[in-house]
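Just so it is clear, the values below take in all heavy atoms, side chains as well, and ignore hydrogens, waters and symmetry mates.
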Amino acid sequence: MIENFGINSFNKKKMKEYLPYPIYLKWKDALRDEKNLDRETADAIAHAMKDWALKNGATHFAHWFLPLSGHTAKKHESFISRTSDNEPINRFSGKELIKGEPDASSFPSGGMRSTFEARGYTYWDLTANSFIIGDVLYIPTIFMSYNGEKLDKRGPLIDSTKALSEEGIKIVNMLNKETHAYRMRVKVGLEQEFFLIDKEIYNKRSDLKNIGRTIVGASSPKGQELSDHYFGQIPRRVDDFYTDVNKKLYALGIYSEAEHNEVAPNQFEMAILFENVNVAIDDNQLLMNILKETALEHDMVCLFHEKPFNGVNGSGKHNNYSITTNYGLNVFDPGDDPYHNNIFLIFTAALIEAVDKYQTLIRLHASSTSNDFRLGADEAPPAIVSVFLGSDLEKLFNSIRDGVEYKEENKRVFEGYNLLNVPKDSSDRNRTAAVAFTGNKFEFRMLGSSKTGSDLNITLNCAIADSLSRIYEEIRDLENDENKLREKIIEIVKDIMNNHGRVICDGDNYSDEWKVEAEKRGLPNHKTYFDALKALKDFDYSDIFLKRNIYTEKELKASYDVYLEEVVIYHTLEAKTLVDMIEKDITPAGIKEMRDLSKVLSFKNNKALSTKYDRIENRVEKLMAEEENLKTLLSHASEIKELQKRAEYVEKNIKTKLLEIRKVADDMETMISRDNLNLPTYEDIFNSLN
Ligand SMILES: NC(=O)CC[C@H](N)C(=O)O
């Protein structure tokens, strides 16, 4: 079985096998950024790739990219072509491998291009493996406009990793003389949470079909309170689904590390092993596609919305972040003696500074409008960004801040059940924090399940690079004076703790006390994605993005507009769906119930029944009136020209109106008999996989 691992991926091993050795070496040089690929090398690689792809059943190739919408995009192109003698032939040139030109006019560009400026180019990302799914060879690419503007997330992600590498390597090589590293790698492991529901049930609900979440629905008598789903027996149907998902991941060479039931009914998780960040993002996108597609094959639908159901947990995509040298030295590994581990101290301090300085950007880039329903509700971090270090490390950093001697606690050992003495972890897990240290990495828990991890990791890489570059300037002249260097490092960590230590929180981040404390510390609490967006309107991106050419002013302005559009589109879609559902499903159910009641009341007047009739009638009337109000709000919104104002209006009026309507609809649902309901209930959904 293991021989089949990665069978559909044109990985390093296959490159070696299929390419003439000098060509393979040239590819490796290009990979290390040492030389550009020349035309002959590109042609030779394309030829080998084509041979391999055809042998494995591919008939088409596709440049695969991540436009600003955050979804994946591709166009299948056939290998088949015609010779001058009119004979069919399979062709694939180096030029086709390296560069593609899809029509780019209909992708979001935040106004960077008009519709008539359709040209967009895709460029091969030679650091990521190409792979086959079905009969298509997928080539991971970077997407750019005719004028070189970045129209995707991969380009900036690669550039941000380079920036971090450039800054990090100087410090690591200064502090660790044992090996000379030539590159820092950002290693990311993404945990993907999702819901699975029965397809038939899904098809009966427009809200699930249009938005991926229920916008009405009274709670089920039983939700997650018995904690009987979490880590429990995986339903048979889902187990079979996992078997198929794993087969597909296996063939692509994706290391799926864990799968289990999550907390909420119908909620599950799959985690993929650490990879270089751009590959981790690819793998996550592939995983999401595979989960969706395989669910359908098993008559289920996979939901990635952050909060499909009220009253039970939502879904995140926890982003486990670490930085290593090309030799595998992990800068966040505290080792046995963290106090004297200069690399650990510097990089952890840089991360603390970065998270504090750029917390609003992190809040924004880990999120989306749909994530607003999750953050701060039922087992997801709140919207306030904080870092949990664990008690031992917090003591260490606090003692540096306070200039007092750090006394390491005796290593704790867990002695249990006569098995063996296991060293205890330095701290418990704190899942209430937005950012949690978990032994040798930081887990960014805010990221929403539907969102790509690119934006968040671009921000982290650049923010940490910025801190590291400042730190390097302070220590660079002390390389040959060990004592002075150590003193300086302690001074830097102390300063960072004094200036940015406010972001560290050891306690319960869900509590109201923390909200008050966070406010006292001056930490922003942007309750919504839109709030965070507004706060960034005049943000100075010089240090984080502009200086390093990660984004230009124009590109940043464009993404701001894309984000605003997303806010408007999201709520508008919800509102339109609700209008439709009131009309087609919700009020008709009330009317059916009234009809049944009126039949009884026509031959016998009964107080309780007539009260019930009145109550339903009242809800139906309210819903009909609210439906009209919603339509009016929608039409007002569409008349507002300025995007920011339109988003503001939609957030203030439409979003709140939807919540008001939901209350009425859910209340009415509880009064309607099973026979008369048109929509599957939460109870139906939560029991649909058994
Ligand atoms: N067990 C967990 O870690 C739950 C996480 C939670 N579902 C979230 O939204 O982030």
Side-chain angles (χ1 to χ4, degrees), residues 5-6 8-16 27-34 37 64-66 72 123-131 138-143 152-169 172 179 181-192 249 252-257 270-288 317-333 347 351 365 440-444 447 452-465 468 548 550:
F5 188 77
N8 289 343
S9 165
F10 198 66
N11 50 23
K12 202 166 164 185
K13 198 168 144 212
K14 300 225 182 60
M15 283 271 190
K16 209 168 185 175
W27 168 74
K28 270 186 78 181
D29 280 351
L31 200 65
R32 287 170 58 164
D33 248 354
E34 280 158 18
L37 272 192
W64 187 64
F65 58 102
L66 257 182
T72 54
Y123 295 95
W124 179 35
D125 170 10
L126 79 173
T127 66
N129 297 336
S130 298
F131 51 89
Y138 286 71
I139 300 160
T141 56
I142 298 163
F143 185 39
D152 77 348
K153 317 256 177 190
R154 185 190 289 273
L157 183 62
I158 293 174
D159 292 346
S160 71
T161 314
K162 274 191 192 149
L164 180 65
S165 178
E166 271 162 33
E167 298 301 344
I169 207 77
V172 167
T179 47
Y182 63 83
R183 174 170 302 178
M184 304 299 288
R185 299 190 200 281
V186 175
K187 296 279 180 192
V188 165
L190 290 160
E191 301 166 19
Q192 179 68 53
L249 293 175
L252 289 170
I254 297 177
Y255 292 86
S256 155
E257 194 187 16
M270 264 190 119
I272 301 295
L273 209 62
F274 281 69
E275 287 286 358
N276 289 336
V277 61
N278 59 328
V279 176
I281 303 290
D282 279 358
D283 286 357
N284 177 253
Q285 293 290 346
L286 285 170
L287 172 68
M288 288 171 83
K317 186 188 320 249
H318 304 166
N319 185 84
N320 293 285
Y321 182 92
S322 66
I323 306 169
T324 69
T325 65
N326 55 303
Y327 293 114
L329 181 142
N330 177 354
V331 299
F332 294 133
D333 184 353
F347 276 83
L351 181 133
H365 284 158
N440 59 6
K441 59 187 164 51
F442 285 86
E443 181 180 359
F444 287 78
L447 188 62
T452 154
S454 311
D455 293 313
L456 174 64
N457 287 300
I458 293 168
T459 302
L460 293 177
N461 291 346
C462 293
I464 297 171
L468 292 175
R548 291 172 206 281
I550 305 294

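- Leu126 places a side-chain heavy atom less than 4.5 Å from the side chain of Leu37.
- Between the OG1 atom of Thr324 and the CG atom of Asn276 there is a distance of 7.5 Å, given to the nearest 0.5 Å.
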Criterion side-chain contact (heavy atoms from CB on, under 4.5 Å) on Leu157 and Leu66, from CA distance to verdict: CA-CA 11 Å; Leu157 183 62; Leu66 257 182; over 6 Å; no
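- The shortest non-hydrogen separation linking Ala280 to Leu190 is O-CD1, 3.8 Å.
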CA sep, side-chain torsions, deciding dist, call: Asp282, Phe131, side-chain contact (heavy atoms from CB on, under 4.5 Å): CA-CA 11 Å; Asp282 279 358; Phe131 51 89; 5.6 Å; no
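- Contact between Pro156 and Ile458 at its shortest, heavy atoms only, is CB-CD1, 3.7 Å.
- Atom CG of Asp125 is separated from atom CG of Asp152 by 9.5 Å, given to the nearest 0.5 angstrom.
- Between the NZ atom in Lys187 and the CD1 atom in Ile323 there is a gap of 12.5 Å [rounded to 0.5 Å].
- Applying the ring pair (Phe, Tyr, Trp, His ring centres under 6.0 Å) test to Phe347 and every residue at least two apart in sequence or in another chain returns nothing.
- Ring to ring, Phe442 and Tyr321 are not that close: their centroids are 6.0 angstrom or more apart.
- Looking at Lys12 and Trp27, their side chains come closer than 4.5 Å, going by heavy atoms from C-beta outward.
- There is a side-chain donor-acceptor pair under 3.5 Å between Asn278 and Thr127.
- For Thr161, the side chain to side chain contact (heavy atoms under 4.5 Å, CB included) test picks out Val186, Val277, Asn461, with sequence neighbours left out.
- Remark: Asn11 engages Ser9, Lys13, Lys14, Asn129 in a side chain to side chain contact (heavy atoms under 4.5 Å, CB included) (not counting sequence neighbours).
- Residue Ile142 comes nearest to Gly155 through the heavy atom pair CG2-CA, 3.8 Å, listed as atom of the first residue, atom of the second, then distance.
- Summarising the geometry, atom CD belonging to Glu167 is positioned 14.5 Å from atom NZ belonging to Lys162; distances are rounded to the nearest 0.5 Å.
- Taking both residues in full, the closest heavy atoms of Lys441 and Ser322 are given as CB-CB, 4.0 Å, listed atom of the first, atom of the second, then distance.
- Considering CD of Glu191 and CG of Leu447, their distance stands at 10.5 Å, rounded to 0.5 Å.
- Ring centroids of Phe274 and Tyr255 are separated by 6.0 Å or more, keeping the two rings apart.
- In plain terms, the two heavy atoms of Thr325 and Ala181 that are nearest each other are CB-CB, 3.7 Å.
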Pair Ile464-Leu351, side-chain contact (heavy atoms from CB on, under 4.5 Å): steps then yes or no: CA-CA 6 Å; Ile464 297 171; Leu351 181 133; 3.9 Å; yes
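- Within the 3.5 Å criterion, the main-chain N or O of Phe143 finds no donor-acceptor partner in the side chain of Arg154.
- Of the possible polar contacts, one joining the Ser165 side chain to the Met184 backbone as a donor-acceptor pair under 3.5 Å is found.
- Across all their heavy atoms, Cys462 and Ile550 have their closest contact at SG-CG1, 3.7 Å.
- Ser130 contributes atom OG, which lies 6.5 Å from atom CE of Met15 (distance to the nearest 0.5 angstrom).
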Steps toward side-chain contact (heavy atoms from CB on, under 4.5 Å) verdict (Thr452, Asn284): CA-CA 8 Å; Thr452 154; Asn284 177 253; 6.0 Å; no
